[in-house]
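As structure tokens, the structure follows; a few thoughts come after it.
Letters go in sequence order (proteins before strands), and every chain restarts at 1. Values in this document were obtained by computation on a predicted structure and should not be read as measured data.
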2 protein chains.
Amino acid sequence: MSILQKINAQLDSMAPADRQIGQFIIDNPDQMLRLSSAALAVETGRSQSSVVKFSQKLGYAGYMELKLAVSEAKAQEWTAPAGMIHGTIEIGDSYLVILQKLIGSKQLSMQQTVAVNNEKDIGIALEILRKARRIHMAGVGASSLVARDFAYKLMKLGRNVLHDSDSHVQMANASTLGPDDVLFALSYSGDSIETLRIAELASQRGATVIAVTGLKDNPLSRVANIRLYTFADEERVRSSSITARDAQLTLTDLLFILLIQGQSDAHEYIHNSEVAVSVLKAEHP
Amino acid sequence: MSILQKINAQLDSMAPADRQIGQFIIDNPDQMLRLSSAALAVETGRSQSSVVKFSQKLGYAGYMELKLAVSEAKAQEWTAPAGMIHGTIEIGDSYLVILQKLIGSKQLSMQQTVAVNNEKDIGIALEILRKARRIHMAGVGASSLVARDFAYKLMKLGRNVLHDSDSHVQMANASTLGPDDVLFALSYSGDSIETLRIAELASQRGATVIAVTGLKDNPLSRVANIRLYTFADEERVRSSSITARDAQLTLTDLLFILLIQGQSDAHEYIHNSEVAVSVLKAEHP
DNA sequence: CAGGCATAGAATAATATATTCCTAAATCAA
DNA sequence: TTGATTTAGGAATATATTATTCTATGCCTG
């Protein structure tokens, strides 16, 4: 939690002088960075000592430390954008605000997604993907596109991957899975009926099931042997699965990169696939 | 460019005292933030005044300003990760380093992509998409997935969109386009032969062509009426089109959000599509 | 209503920063 | 080579900033 948010949260339980100082900092963090404690006191109509005490009450050694904390918070704000930190994208929003909210929530989803999966689980999933005789990707709707993207990438590494956007075909394929095979199932809600049934079938047939779902408890991850999670910032970009898709892509990209790391001939494979595709490029660019 | 990089770049052309101070700051930025000018002088074996002068030579009013700049740079480092700022993901990299490099380059691509397209061009593209009788999406390989993702989204808004992953089908469809129609063509390189031919055909038939390509000059954007650009940080995540795809998605997501903003019944459409899909969800989650 | 307690400003002490000044070394010109 | 001139860089100092202590005031509680 950034210092600005922290101040904001505590604002109500503060004494008048502190509240006034805190409010000013929240409203004008940039200006505050250029003010000395005395100057800030003048701006807020309070005393210089109150400013210092304010800083100390927040747990900092003094005003200077507070300034550093604010500067840091400001710098991270472009990452998780300015002002209305928890705003949904609204009808009246300006172009710039929409931009910031969109980028901000995309970034948040990405960061949280890598944060909620610990290295150990990722490592286990990698090991399973490495050893798999055959990998089957399951996912419908938006998740189908992520499944396909991941499938393409694994194919580039020479892995034996199967994916079809038609869930009936997926189901038929799942019926051929065996103990050495892996089902990689994607569903943000974790309760898409087709994906769930496919996972159940794969599980019955002894295949290892890796489920990539949202954080809350869901049927799909209950079926799975390995559970990986995605975090989507639905708060800000409501009514579209943009961030859920970004989170899934972040996770599959990470797995892909890590697979490359562990496969010594990976770059060779990728190079070959690029050369092959380049035949289909225009000759004079 | 961050202040740490700037110092690093100028290091060679600095006088001994300044070089020593600069080196210390580059090596221990965290520590530096907690040191006073005098304390830093002791650490580096130089005088306090040299520290202040060092700050001023870099263009800051004084030591305090330099500290703020360093703090900011440090804070942004998690965004564009630590240390080897221009490193590709290497074989020996640790899990954390890979994570940082991956997230960092994803974020960079997103930020740069919104930065390279000015509001005016985006606005024109939106207007064209709004007025289009029919929108045809073209794109092969990884771009095909982005095209499909964007197509799904526009369908949710009730727009008349066409996409098929098979380039022959795309070409056949393009042959039916007319002056009121729009071809939305995606290709990072801008020289995928199929996409290019489809765009040429669409253009001949009088359709408006919107091209989404990388920044460098390319055949596809030359054919187009409207040129939008994507920025991919291929530097760090080499040998895969991860960031190029992220950039394309960022751009199409932005267009989608902006279309929603300008269409009063958009949320209704989306709501209806969600209700419709929810029939396919498991009943007891 | 007295005593304790919290608030907050004034005054002051302590620190930190910026400037000035000075010296020694380096560079340059004749 | 030598004297003039510049430059680097530290010591000293002036200034500014920050932190602490002290005190007045109001407020609550017993």
Task: Qualifying residues under ring-ring contact (aromatic ring centres under 6.0 Å, His included), relative to F150(B), sequence neighbours excluded - done: F184(B)
Task: side-chain hydrogen bond (donor to acceptor under 3.5 Å, both in side chains) against R46(B), all qualifying residues, sequence neighbours excluded - done: Q20(B)
TODO: Return the set of residues passing side-chain hydrogen bond (donor to acceptor under 3.5 Å, both in side chains) with T250(B) (not counting sequence neighbours), or none when no residue passes.
DONE: none
Open item on the list: Enumerate the salt bridge (charged side-chain N to carboxylate O under 4.0 Å, His left out) contacts for residues 110-121 of chain A, please, sequence neighbours excluded, ordered by first and then second residue.
Closed with: none
Task: Residues that E127(A) engages under salt bridge (charged side-chain N to carboxylate O under 4.0 Å, His left out), provided they are two or more places apart - done: R130(A), K131(A)
- [ ] Treat primed atoms plus P, OP1 and OP2 as sugar-phosphate and everything else as base, then score nucleotides 10-29 of chain D 5' to 3': B for base contact with protein heavy atoms under 4.0 Å, S for sugar-phosphate contact only, - for none.
- [x] BB-----SBBBB--------
Open item on the list: Could you work out, with side chain to side chain contact (heavy atoms under 4.5 Å, CB included) as the rule, every residue matching A41(B), not counting sequence neighbours?
Closed with: Q48(B), V51(B)
Task: Counterpart residues, side chain to side chain contact (heavy atoms under 4.5 Å, CB included), relative to V42(B) (two or more places apart) - done: none
Donor-acceptor list for residues 27-35 of chain A side chains, cut-off 3.5 Å, not counting sequence neighbours:
| from | atom 1 | to | atom 2 | distance (Å) |
| --- | --- | --- | --- | --- |
| D27(A) | OD1 | Q23(A) | NE2 | 3.2 |
| D27(A) | OD2 | Q23(A) | NE2 | 3.4 |
| N28(A) | ND2 | F24(A) | O | 3.3 |

Task: Full working for side chain to side chain contact (heavy atoms under 4.5 Å, CB included) between K67(A) and K67(B) - done: CA-CA 10 Å; K67(A) 258 171 112 164; K67(B) 257 170 113 164; over 6 Å; no
Task: Relative orientation of the end axes in the helix from dC1(C)-dG30(D) to dA30(C)-dT1(D), expressed as an angle to the nearest 10° (five pairs per end) - done: 10°
TODO: Could you name each residue pair satisfying side-chain hydrogen bond (donor to acceptor under 3.5 Å, both in side chains) that touches residues 53-64 of chain A, not counting sequence neighbours?
DONE: D18(A)-K57(A)
Would you tabulate the nitrogen or oxygen pairs shorter than 3.5 Å linking the protein to nucleotides 24-27 of chain C?
none

Open item on the list: Rounded to whole Å, please give me the gap between CD in Q20(A) and C1' in dT7(C).
Closed with: 13 Å
